[in-house]
Each structure stands twice: as structure tokens, then as C-alpha cells.
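Report on the structure given below.
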There are 2 protein chains.
Amino acid sequence: MATIQDVAKMAGLSRTTVSRVINQHPYVTEEKKRLVSKAMKELNYVPNSSARRLRRQQTETIAVYVPRITNPFFSHLVEVMEKEAAKKGYQLILCQTSYKKEQERSFLELLKTKQVDGLILTSIENDWSEIEPYLAYGPIVVCNEYSDSAQVPLVFLDQIEGGYIGTKHLIEQGYTKLGYCTGDHKSSRVAHDRRIGFLKALNEAGLQMKDEWYFGGAYSVQDGKNTFETLRNLEDPPQALFTGSDEVAAGIVKAAGDAGWNVPQDLAVIGFDNQPLAELMELTTVEQPIESIASQAMGLMIESIKSKRASVRKEVILPLKMIQRSST
Amino acid sequence: MATIQDVAKMAGLSRTTVSRVINQHPYVTEEKKRLVSKAMKELNYVPNSSARRLRRQQTETIAVYVPRITNPFFSHLVEVMEKEAAKKGYQLILCQTSYKKEQERSFLELLKTKQVDGLILTSIENDWSEIEPYLAYGPIVVCNEYSDSAQVPLVFLDQIEGGYIGTKHLIEQGYTKLGYCTGDHKSSRVAHDRRIGFLKALNEAGLQMKDEWYFGGAYSVQDGKNTFETLRNLEDPPQALFTGSDEVAAGIVKAAGDAGWNVPQDLAVIGFDNQPLAELMELTTVEQPIESIASQAMGLMIESIKSKRASVRKEVILPLKMIQRSST
DNA sequence: TTGTACGCGTTATCAA
DNA sequence: TTGATAACGCGTACAA
């Protein structure tokens with residue numbers, strides 16, 4: 001493997017000059033530039049990135065935390081981030097926390113050991129107080145999640161609005177008995193906010209909700225199917241259901257169909273995300289502008305790396321959009 | 001940021017000894033070990049990974065190529081690989097080729113510039129001759145794809161068998177007019193082999209196929225819907241359809257249902273992959289053992305990195321499995 | 001416009 | 001059992 005030294009020797013110049021050519025410094029004669037380029041090509045030379053990293057104290061690598069990459073929401077987020085990063089010459093290291101606090105913590109070392117220039121968190125398992133100290137080692141951007149105390153850029157969606165417009169849509173369709181079905185993730189503000197939006201819409205319309213119309217802990221298609229089983233055995237079931245994800249909504253619609261119910265006549269269902277599956281099942285849903293969260297988060301990350309300024313809090317709140325299909 | 005020098009000073013020892021403690025070399029007194037550990041903790045010291053990489057000439061990082069991470073097949077593959085890698089102390093760099101030759105080529109530089117120890121390819125866009133020279137810089141493992149000339153470990157599925165068992169299943173159900181619907185990716189041997197399996201089953205049963213029962217270029221749900229539109233306008237449509245993916249199969253089933261056709265009475269459809277969507281739509285499908293391809297590929301990769309032997313060809317062929325549901 | 005010399009933080013070699 | 005010293009490959013003051 002050729003080093004910069006070999007190139008210098010072949011070109012009959014010093015390492016410094018070669019380095020200058022590589023890094024496009026001014027004050028190098030065109031002639032020597034050519035000489036260097038020729039030698040580089042001949043030796044099939046490429047700068048060693050470990051040496052560069054050490055010298056420059058930066059890695060041009062960014063770590064992205066997701067719970068699981070198989071979750072379509074997160075894989076879409078990562079897809080956009082990776083492209084955005086590649087465009088600007090950055091690599092992406094994928095970190096799956098599997099919803100586990102200790103996994104998340106162990107990945108934090110990447111920043112401390114200078115394996116990456118920065119961290120983008122798309123989910124947060126630990127208390128912010130666990131994460132905060134690592135800010136000393138590099139920038140952190142939070143994306144999709146929310147934290148009150150984090151002094152970092154936060155890019156997230158207006159989930160209150162999301163809960164509100166989804167619910168309002170159901171109300172406008174004439175349903176009055178509305179149920180609520182979501183996952184209920186620990187620290188997650190997302191679920192919390194959506195619920196507030198849901199209740200706000202209910203209040204405005206002067207509607208009441210029964211306790212038994214609340215279904216928690218639903219994440220998957222299977223959970224959706226189970227939810228329907230519970231629902232159908234209710235004496236007074238809801239007419240319409242607000243759900244926290246397209247998967248759950250799809251499960252409910254599927255189980256309802258199998259049981260001979262008509263959607264939306266017997267039961268209306270609204271999903272969340274506008275995943276490919278939502279189109280397939282013709283689910284009304286609330287679309288999250290994933291591409292725009294992802295690219296904004298990555299943009300803020302690279303900006304933070306380059307500016308080297310101390311981290312400051314900055315909220316970027318993005319709007320959500322109703323997509324109406326035939327499940328409501 | 002504390003360095004090994006700082007630790008040495010605080011512990012009143014040499015850098016060498018500190019390094020020995022960090023790397024668990026023998027011949028260090030328990031007492032000095034304690035001294036060092038204490039200093040490390042006090043200074044909140046962590047070895048700088050760039051320096052380590054430079055010195056050791058390895059990165060503990062592996063690049064994984066996928067076309068797009070949003071494709072559920074690949075995200076599942078990556079999910080397993082990342083976990084497997086993390087378990088063994090390796091990081092994963094995600095490279096999306098977007099099915100583009102030049103993207104793929106540009107990522108190859110990662111190996112040459114020593115940013116990663118090795119490459120796992122889950123898809124191949126360029127001719128192998130383009131990739132082969134990079135073997136000089138580190139190991140490459142091919143996973144899910146196939147190449148005749150590649151002198152590297154290859155982990156792939158017996159797609160001939162896949163095409164065969166899927167088709168045979170249809171024949172056993174009594175269908176005699178079988179159609180074939182897949183994507184047709186350039187260099188991909190996958191599609192090629194499945195087709196061979198399909199034809200083999202047909203031959204064995206003495207069945208003929210009409211040209212118009214072949215539908216190409218189908219990848220997405222939407223493609224599946226379009227395929228159904230074409231099919232329904234045929235004078236003599238096939239009774240059953242072998243498809244190359246669950247997405248396509250789902251699109252067909254959905255469009256058929258919307259058009260008032262009964263599945264499987266009017267049209268039977270078999271998918272491929274056994275994705276979550278297949279369960280939702282109750283698609284009969286051919287399951288690919290994704291977890292096992294992924295972990296075997298990663299295992300072979302890490303083995304190659306550690307052994308440092310020259311790359312040799314080695315084929316690992318994994319079996320496929322029928323999953324029967326109600327679409328056939 | 002070019003070159004000399006030092007340092008980035010580790011680890012491997014050799015000698016003590 | 002420990003320590004001094006020389007790499008690993010590169011970039012950049014500083015001097016010329």
C-alpha cells in the first residue's frame with residue numbers, strides 16, 4: 001500500500017507538497033500538481049483515512065440511533081439520512097438500540113472514543129441526564145423524539161396537531177363514539193402529545209369517551225388483530241378508532257373484514273404514518289413528513305460539526321398531513 | 001480529552017504499561033493494574049480510536065451494501081447483521097447503492113482508504129471485474145447475490161429450489177394454467193434461477209405456458225395492481241400466478257379483490273419472502289431464511305478479517321421453505 | 001512557492 | 001515485570 005511518502009519520492013517532491021495537492025491548498029505550481037497527480041495515479045495511491053482522522057481530529061462519520069431498522073418508519077428515516085450524508089462526504093454508522101437502555105448507552109462510547117463526529121438520536125431510551133455528558137465530546141441532534149431539558153437541536157413533528165387533525169376528521173365524518181388505540185412507550189412524548197390532540201378534538205366537539213374504548217400497548221399487525229377481538233366483544237363498541245400506527249390499523253381492518261364487518265360502515269379506522277401498507281389497505285392516515293425530518297436533522301448535524309460551536313437548544317417543528325382513503 | 005500519556009503521568013508509570021493494562025497483556029503486577037485503572041477512571045480516559053486504527057491497521061468496522069434500506073428484505077438482513085456485528089465489537093457502515101453502478105463503485109473506496117476492514121455485498125450492480133481488484137485491500141463477502149467468477153465466500157439461497165417448490169405447490173393444488181410474474185434485474189442470477197425452478201416444475205407436470213402469461217418488471221405493490229389489470233383483459237388468463245415478491249403478490253390480490261374476483265378461486269397467487277405483509281394479506285409464500293443468511297455472512301466476514309488469509313471461493317447454499325396461507 | 005520538522009495517540013519491539 | 005523509542009501516515013507551523 002503506497003503512502004504519501006512514496007508519492008513524494010516518485011514525484012521528486014516533498015510530502016508537504018503532495019499533501020497540499022491532495023487538500024487543494026493554494027500556492028502550488030500547475031506543473032507540480034500534474035507531477036503529483038501522475039505519481040498518485042501510478043501508485044494507485046489513496047490517503048489513509050485512519051491517519052487523516054488522527055491528524056485532523058475528525059472522522060467524517062455520523063452515528064444514527066434507531067430502535068430497529070426493520071421498522072419502516074425508521075428505515076425510511078435512515079434511508080434519507082444516509083443519502084444526505086453521502087452527498088456531503090459523510091459515512092453513517094447504524095446503531096440499533098433494540099429499545100434497550102444499556103444498548104443505547106454502550107453506543108454512546110462511539111462519540112467518546114472519537115469514532116464518530118456526532119450522534120443523531122431518533123429515539124431516546126435513557127434519561128437525558130445520562131446522555132447529556134457526552135455533549136462534551138461532540139454534537140448531538142435529536143430527531144423525531146422530544147426532550148424538555150436537552151440543549152441540542154430537536155427536529156420533531158407536531159404530534160398534538162397530528163392527534164387533533166386525525167380525530168377531527170373522524171368527527172367530521174359523523175362518528176361520535178371514538179376509541180383510541182396506541183402503543184404507550186415509556187418516556188415517549190410522542191404518544192403523550194397525540195393523546196392530548198385527540199382529547200382536544202373530542203372536547204371541542206363536546207364528545208365523551210368511555211374507558212373501555214381505550215386500547216393500549218398496540219404496536220404490531222397482530223396487536224391490531226387482538227384489539228379488534230377485544231373490541232367486538234364490547235357491549236357498546238366505538239364506531240371509529242384512532243390508532244398510533246398503520247400496522248395496528250391494518251391489523252384491525254383485516255380482523256374486522258375477516259369477521260364480516262364492513263369498514264368503514266361498521267367500524268372506521270385511521271392509521272398513522274402513511275406507510276406503503278396504508279396505501280395497500282386503503283387506510284386513511286396521518287402522514288409524517290419523514291424525508292423532511294431526516295434531511296433537516298442531518299443538515300443540522302453537519303452544520304454543528306462544522307461550526308464547532310457549543311450546542312444550543314433549537315426546536316424545529318414540522319407539520320403533519322391528513323391522507324384520506326376508504327377506511328373512514 | 002485525556003490521553004494515554006496523562007494516565008501514565010497520573011499513575012506514575014510509562015505509557016507502555018498503561019497500554020498493557022488496556023489491552024490486557026500479561027506481565028503486569030496487580031498493583032500497577034489497580035493504579036492504572038484508578039487513573040483512567042479519574043481522568044475519564046478512553047483510548048482514541050483513530051490512533052488505534054492507525055497503529056493496528058484495522059478499523060473494526062464493516063461496510064454493508066444494500067440497494068435501499070427501506071426494502072424490507074434488506075432492512076431485515078441489515079438488522080441481523082448489525083446485531084451480530086455489535087456482539088463481536090464491530091461497527092456497521094450502511095451503504096445504499098440505489099441500484100446504481102457508480103454509487104456502488106464510490107463506496108468501494110471505503111475499503112481502499114482503510115475506513116473499513118471488509119465489505120459485505122447484498123446486491124451487485126457492477127461486473128465482478130470492477131470489484132475484484134479491491135480484494136487486495138480487504139475481504140469481501142457476497143450475500144444473497146451470486147457471481148460465477150467471484151473468489152470469495154458466497155452465502156445465498158437455492159432459488160432454483162424456491163421457484164420449484166412454489167410452482168409445484170400450485171400444481172398440487174390442481175392449477176394447470178400457471179403464470180409467472182417477477183422483476184427482471186439485470187445481472188441478477190436470483191431471478192434467473194427462480195425461473196429455471198419454475199420451468200422445471202412445469203416440465204415435470206407436462207404443463208405448457210403461454211407467452212402472455214409472463215409478466216415482467218414487477219417490483220412494487222403498484223406493479224402488482226397493474227399486472228392484474230393486464231391479466232384480467234386476457235382472453236385466456238392463467239388460473240394461478242407465481243410472483244417474485246410479496247409486495248407484487250399483495251398488489252395483485254388487492255386489485256383482484258377490488259375487481260370482485262375471489263382469491264384463490266378465480267386466481268391463486270403465491271408470493272416470495274414471507275414478509276409481515278404476507279401474513280397480513282394471508283399470502284401463501286416461499287420463506288427466505290433471512291436471519292440465517294445474515295448471520296452466516298457476518299460470521300464469514302469476521303472470520304476472514306481475523307484469519308487474514310487470501311480470499312477463497314466458498315458457497316453456502318441455504319434452503320427455502322413453503323408457507324401455505326389462503327391465497328392458493 | 002516549496003521544504004523541514006514536529007505532533008496527532010497508540011502499540012510493538014527491544015533492551016534492561 | 002517495566003520502560004524508552006520507534007513507527008503507523010498524515011497535516012501544518014514555520015522557515016527559507
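Chain identifiers are assigned alphabetically (A, B, ...) following the order of the sequence lines, protein sequences preceding nucleic acid strands; residue numbering begins at 1 within each chain.
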N-O pairing of B:Lys87 and B:Glu84 below 4.0 Å:
yes

C:dG9 phosphate, OP1 or OP2, under 4.0 Å from A:Gln57 side-chain N/O
yes

Assign A:Thr3 to base, sugar-phosphate, or nothing according to its heavy-atom contacts below 4.0 angstrom with the strands shown.
sugar-phosphate

Is it the case that the side chains of A:Asn144 and A:Thr122 hold a donor-acceptor pair, with the cut-off being a distance below 3.5 Å and no angle test?
no

Whole-Å distance, A:Ile22 CD1 to C:dT2 P, equals 15 Å

Inter-end axis angle, the helix from C:dT1-D:dA16 to C:dA16-D:dT1, with every axis fitted to five base pairs (rounded, 10 degrees)
40°

Hey, what do you get for CG (B:Leu300) to OG (B:Ser307), rounding to the nearest 0.5 Å?
10.5 Å

Only distances under 3.5 Å count here; give the side-chain donor-acceptor pairs of residues 24-34 of chain A to other protein atoms, sequence neighbours excluded, each with its distance to 0.1 Å.
from, atom 1, to, atom 2, distance (Å)
A:Glu30, OE2, A:Lys33, NZ, 3.4

Check the distance between C:dG9's C1' and A:Gln115's CD and give it to me in whole angstrom.
14 Å

side-chain N/O A:His25 vs D:dG11 OP1/OP2, d < 4.0 Å:
no

Neighbours of DNA chain D within residues 49-56 of chain A, by heavy-atom distance under 4.0 Å:
A:Ala51, A:Arg52, A:Arg55, A:Arg56

Tell me the interatomic distance from A:Gln58, atom CD, to C:dG9, atom P, rounded to whole angstroms.
14 Å

Enumerate the residues from residues 29-44 of chain A whose closest heavy atom to DNA chain D is under 4.0 Å, giving them by residue number; use none for an empty result.
none

In plain terms, say whether B:Glu79 and A:Arg68 are close enough for a salt bridge, that is, a side-chain N and a carboxylate O under 4.0 Å apart.
yes

Check each residue of residues 4-15 of chain B for a non-hydrogen atom within less than 4.0 Å of any atom in DNA chain D, then write out the ones that pass by number, or none.
B:Leu13, B:Ser14, B:Arg15

So, do B:Ile131 and B:Leu121 sit near enough that their side-chain heavy atoms are less than 4.5 Å apart?
yes

For the base of C:dT1, is there a side-chain donor-acceptor partner from A:Thr17 under 3.5 Å away?
no

Taking A:Asn126 for the side chain and A:Lys101 for the main chain, is one N or O donor matched with an acceptor at less than 3.5 Å?
yes

side-chain N/O A:Asn23 vs D:dG11 OP1/OP2, d < 4.0 Å:
yes

Got a donor-acceptor pair under 3.5 Å from the side chain of B:Ser19 to the base of C:dA12?
no

Main-chain N/O of B:Phe107 paired to B:Tyr65 side chain as donor or acceptor, under 3.5 Å:
yes

Can a side-chain donor-acceptor contact be found between A:Ser19 and A:Thr16 if the only test is distance below 3.5 angstrom?
no

Would you check if there is a donor-acceptor pair between the side chains of B:Glu109 and B:Tyr134 at a distance under 3.5 Å?
yes

Rounding to a whole Å, what distance do you find between B:Glu60:CD and C:dT10:P?
15 Å

Winner on side-chain proximity to B:Thr16, out of D:dA13, D:dT5, C:dC14, is D:dT5

Rounded to the Å, how far apart are A:Lys114 NZ and C:dG9 P?
9 Å

Determine whether a donor-acceptor pair (N or O, by modelled atom type, separation under 3.5 Å) exists between the side chain of B:Gln96 and the backbone of B:Ile69.
yes

Could you state the NZ-P distance from A:Lys112 to C:dG9, rounded to the nearest angstrom?
16 Å

Distance only, no hydrogens: is a donor on one side chain within 3.5 Å (strictly under) of an acceptor on the other, for A:Thr61 and A:Arg53?
yes

Would you indicate, yes or no, if C:dG3 has its OP1 or OP2 atom less than 4.0 angstrom from a side-chain nitrogen or oxygen of A:Tyr27?
no

If you measure only the distance, is there a donor-acceptor pair under 3.5 Å linking the side chains of B:His192 and B:Gln159?
no

How would you label the contact of B:Pro26 with the nucleic acid (heavy atoms, under 4.0 Å): base, sugar-phosphate, or nothing?
nothing

Are more than 12 heavy atoms, taken from residues, nucleotides or ligands other than A:Glu102, located less than 6.0 Å from that residue's CD atom?
no

Those residues at least two apart in sequence (or on a different chain) that pass side chain to side chain contact (heavy atoms under 4.5 Å, CB included) with B:Lys9 are none

What is the nucleic acid contact for B:Val18, judged by heavy atoms within less than 4.0 Å: base, sugar-phosphate only, or nothing?
nothing

